[in-house]
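Everything below concerns the one structure shown next.
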Amino acid sequence: KIGRAGYDLTFAIAYLRDFAMSYHFLAESFETFVPWSRVEEVIARTKRRIIQEHRKRFLPGEPIVSSRVTQLYDNGACVYFYFCMNYEGISEPSRVYGEIEAA
């Protein structure tokens with residue numbers, strides 16, 4: 001049952017994406033592995049950097065940035081980040097998003 005629910009959710013996500021984009025809202029996730037000694041630091045610095053990059057580009061509104069630890073290992077954790085931004089009036093929003101993600 002749980003596997004089927006997850007599979008069904010992949011179809012719902014496409015509809016949510018289309019709905020969000022009709023309101024100029026772009027969101028994506030990215031992940032990284034972090035040693036235990038740096039988990040809190042990496043989360044804080046990543047969130048700060050995304051906000052900095054967003055402001056540097058004078059984008060509308062405030063970005064939404066969140067994170068969660070998704071997998072635990074002896075040497076560290078897998079951390080997922082979620083970044084959402086408004087792109088109303090921005091040309092090439094996917095490129096801008098990618099630049100911020102890569103910063």
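We number each residue from 1, following the sequence as shown.
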Which atom names give the shortest non-hydrogen contact between [X] and [Y], and what distance separates them?
X: V96; Y: S91; answer: CG2-O, 4.1 Å
X: P93; Y: L26; answer: O-CD2, 3.8 Å
X: V34; Y: V79; answer: CG2-CG2, 4.0 Å
X: E101; Y: S29; answer: OE2-O, 4.2 Å
X: E31; Y: C78; answer: OE1-SG, 3.0 Å
X: W36; Y: L72; answer: CH2-CD2, 3.4 Å

Let me confirm one number: the [atom1]-[atom2] distance from [X] to [Y], rounded to the nearest 0.5 Å.
X: L59; Y: I90; atom1: CG; atom2: CD1; value: 5.0 Å
X: I100; Y: E28; atom1: CD1; atom2: CD; value: 13.5 Å
X: E62; Y: M85; atom1: CD; atom2: CE; value: 13.0 Å
X: E53; Y: E99; atom1: CD; atom2: CD; value: 9.0 Å
X: K56; Y: R49; atom1: NZ; atom2: CZ; value: 6.5 Å
X: Y80; Y: T32; atom1: OH; atom2: OG1; value: 11.0 Å

Just wondering, are more than 12 heavy atoms of other shown residues or ligands nearer than 6.0 Å to [atom1] in [X]?
X: R45; atom1: CZ; answer: no
X: E40; atom1: CD; answer: no
X: N75; atom1: CG; answer: no

Would you say T46's side chain and I43's backbone share a donor-acceptor pair under 3.5 angstrom?
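No, the answer is negative, given that no donor and acceptor are paired below the 3.5 Å cut-off.
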Linking Ile, Leu, Val, Met, Phe, Trp and Tyr by side-chain heavy atoms under 4.5 Å, what else ends up with I64?
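Other cluster members: F25.
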Relative to the ring of H24, is the ring of Y87 parallel (under 30°), tilted (30 to 60°) or perpendicular (over 60°)?
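Y87 vs H24 ring planes: perpendicular.
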Between R68 and Y82, is any pair of side-chain heavy atoms under 4.5 Å apart?
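Yes, at least one pair of side-chain atoms sits under 4.5 Å.
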Near-ring test Y97/F83, centroid separation under 6.0 angstrom:
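F83 vs Y97: aromatic centres under 6.0 Å.
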